[in-house]
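Basis for what follows: all heavy atoms, side chains included, without hydrogens, waters or symmetry-related copies.
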Amino acid sequence: MREALAWTSGEVHELFVTATAAERNADLLRSASARGIRVSEVDDRAAASLSETVTPQGLIAVCDVVPQPLEAALRGTPRLVAVLHGVSDPGNAGTVTRVADAAGADAVIFAGDTVDPHNGKCVRASTGSLFHLPIARSRDADEVFAACRAAGLRLVAADGYAEHDLVEASAKGDLKHPTAWVFGSEAHGLPDDVVAKLDTSLKVPLYGAAESLNLATAAAVCLYASARDHRN
């Protein structure tokens with residue numbers, strides 16, 4: 001909630017709060033009221049309905065929509081961007097957004113049939129990161145890829161079947177380039193025709209017996225590998 005109130009790219013229009021949450025967050029509510037944000041008290045049942053969760057915190061904000069136009073999200077000279085393509089699980093999408101934020105990414109783009117960034121589980125899994133960095137959404141994946149290239153980004157598919165891995169790429173200095181990492185669905189990864197449209201593909205090397213990594217873990221490894229090389 002504090003992240004939403006500190007958000008500079010949009011506004012909070014109203015807060016709904018239970019009596020218990022109001023006691024716990026008195027300073028936050030004073031700050032909201034001082035900014036002219038309407039605060040309405042609701043009972044626990046209403047809070048549970050509004051928050052769409054079993055254990056609501058009792059504090060719900062009505063905000064502007066999060067996504068920005070592609071050109072706005074990629075404004076300037078981005079160095080690191082996460083693109084989610086066809087990711088259907090809102091928890092994974094929110095977690096990758098959180099990882100991208102932690103890695104210092106410049107934007108996260110929801111492309112193709114990826115889940116809505118406003119999905120309640122996605123918002124909660126991002127733990128406020130939806131309000132920390134630009135978020136864009138486009139059903140047209142080709143539009144997303146073109147916008148990334150226009151912004152000077154190299155499109156890299158995170159693909160478990162790729163010929164080369166990110167350790168090799170790092171050793172050659174390839175991860176120092178401005179990069180848009182493209183992550184596919186949890187079950188099937190990126191379709192072959194999508195991978196063919198990108199500049200290259202890399203896999204996370206697996207040194208043990210595990211068959212694969214889940215989406216959020218793979219995204220963390222890839223994004224942090226780029227972030228490390230950018231800072232070196």
Side-chain angles (χ1 to χ4, degrees), residues 9 66-119 122-123 125-141 143-160 162 166 169-170 174-186 189-190 194-195 197-204 213-231:
S9 299
V66 170
Q68 305 177 16
L70 273 172
E71 58 272 18
L74 296 172
R75 185 181 294 121
T77 54
R79 296 278 296 165
L80 183 60
V81 169
V83 178
L84 300 174
H85 183 285
V87 175
S88 59
D89 184 273
N92 277 334
T95 302
V96 173
T97 301
R98 180 182 183 182
V99 166
D101 179 22
D106 297 291
V108 177
I109 302 175
F110 289 59
D113 291 327
T114 293
V115 66
D116 189 340
H118 299 113
N119 178 286
C122 182
V123 173
S126 80
T127 63
S129 287
L130 278 173
F131 301 107
H132 292 170
L133 74 174
I135 305 292
R137 188 185 189 201
S138 174
R139 293 286 188 185
D140 187 342
E143 177 189 32
V144 171
F145 300 152
C148 287
R149 286 198 173 98
L153 294 160
R154 184 168 176 253
L155 289 159
V156 180
D159 181 8
L166 57 81
S170 177
D174 290 347
L175 297 186
K176 291 183 180 292
H177 300 299
T179 299
W181 277 100
V182 184
F183 303 104
S185 74
E186 300 82 353
L190 291 166
V194 171
V195 173
K197 296 176 181 179
L198 308 181
D199 298 312
T200 191
S201 59
L202 295 171
K203 63 185 176 184
V204 177
L213 295 174
N214 66 30
L215 171 60
T217 303
V221 175
C222 294
L223 291 167
Y224 267 91
S226 286
R228 178 200 59 209
D229 283 12
H230 289 169
R231 282 158 178 74

Peer 1: Checking the side chain of H230 only, and the main-chain atoms of L175 only, is there a donor and an acceptor separated by less than 3.5 Å?
Peer 2: yes

Peer 1: I'd like to know if the side chain of S129 reaches the main chain of T127, judged simply by a donor and an acceptor atom lying under 3.5 Å from each other, with no hydrogens or angles considered.
Peer 2: no

Peer 1: Keeping D199 on the side-chain end and L155 on the backbone end, is there a donor-acceptor pair under 3.5 Å?
Peer 2: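 Yes; judged by distance alone, with no hydrogens or angles, the pair exists.
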
Peer 1: Verify, without hydrogens or angle tests, whether E186 (side chain) and N92 (backbone) share a donor-acceptor contact under 3.5 angstrom.
Peer 2: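 Here the side-chain-to-backbone pair does not exist.
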
Peer 1: Going by the rule side chain to side chain donor-acceptor pair (under 3.5 Å), which residues pair with N214 if we only count those two or more places apart in sequence or in a different chain?
Peer 2: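 With sequence neighbours excluded, N214 shows a side chain to side chain donor-acceptor pair (under 3.5 Å) to T217, given in chain and number order.
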
Peer 1: Would you mind reporting whether C222 and L166 have side-chain heavy atoms less than 4.5 Å apart?
Peer 2: yes

Peer 1: Give the table of side-chain donor-acceptor pairs shorter than 3.5 Å for residues 107-115, with sequence neighbours excluded, one pair per line with atom names and distance.
Peer 2:
residue	atom	partner	partner atom	Å
T114	OG1	L84	O	2.9
T114	OG1	G86	N	2.8
T114	OG1	V87	N	3.2
T114	OG1	A111	O	2.8

Peer 1: Testing L153, D140, L198 for side chain to side chain contact (heavy atoms under 4.5 Å, CB included) with F145, which one passes?
Peer 2: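 Checked L153, D140, L198 against F145; only one passes side chain to side chain contact (heavy atoms under 4.5 Å, CB included): L198.
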
Peer 1: Supply the atom-to-atom distance H132 NE2 to T97 OG1, rounded to the nearest 0.5 angstrom.
Peer 2: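 The NE2 atom of H132 sits 12.0 Å away from the OG1 atom of T97.
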
Peer 1: Treating Y224 as the side-chain partner and A102 as the backbone partner, does any N or O pair qualify as donor plus acceptor under 3.5 Å?
Peer 2: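 Checking the backbone N and O of A102 against the side chain of Y224, a donor-acceptor pair under 3.5 Å is found.
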
Peer 1: Would the distance check show the side chain of R231 and the main-chain N or O of A227 forming a donor-acceptor pair, the cut-off being under 3.5 Å?
Peer 2: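 A pair under 3.5 Å: yes.
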
Peer 1: Counting C-beta onward and ignoring hydrogens, is there a side-chain heavy-atom pair between R79 and S226 closer than 4.5 Å?
Peer 2: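 R79 vs S226: side chains apart.
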
Peer 1: Is a side-chain donor or acceptor of D229 paired with a backbone partner of K176 at a separation under 3.5 angstrom?
Peer 2: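 Not a single qualifying donor-acceptor pair exists.
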
